[in-house]
Amino acid sequence: MNTPTSSASRRLTLAMSLAAALTLPGYLWGMQSEGAPPSLSIVAVIVAVTIAALAGGVLRLRWLQAPALAAATLSAAAFGLVLLTSYGWTMLLAAGFGAAAILKERGARKATLR
């Protein structure tokens, strides 16, 4: 998978990284309002998913881009399901954008092969 060939695929990967990034301030605000310290492991997961989503959209190396986007999508979906009752909905949204970007890119690749 090269860099996203369609502008729609690029927009979807950027939307994924934005949705993942928006999880962090929501989580930190929620922890502050509860008076609890934020968990560094949860912050690390949010940051890692955001970075992987950005990498999936901007990497120029074919063999790194697809795994980065797939890993970010699967991680966002798993994390979103674990925290569904509190902060997980933005990660599920990010996973949806990531899945749509993967499908859009696969469709674009198949169209160029024909």
Item checked: Check: T50 and T23 side chains under 4.5 Å, non-hydrogen atoms -> no

For [X] and [Y], work out which heavy atoms get closest and say how close.
X    : Y   : value
M16  : A76 : CE-CB, 4.5 Å
A53  : A72 : N-CB, 3.6 Å
A21  : P25 : O-CD, 3.1 Å
A20  : V49 : CB-CG1, 4.0 Å
A101 : T13 : CB-CG2, 3.7 Å
A99  : T73 : N-CG2, 3.7 Å

Path from [X] to [Y] over hydrophobic side-chain contacts below 4.5 Å:
X   : Y   : result
L18 : L93 : no
I46 : L54 : no
M91 : L81 : no

Notebook entry, point to check: Going from CG on L69 to CD1 on I102, what distance comes out if it is rounded to the nearest 0.5 angstrom?
Noted result: 4.0 Å

Notebook entry, point to check: When rounded to the nearest 0.5 angstrom, what distance separates CG in L14 from CZ in F97?
Noted result: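 Separation between the atoms: 11.0 Å.
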
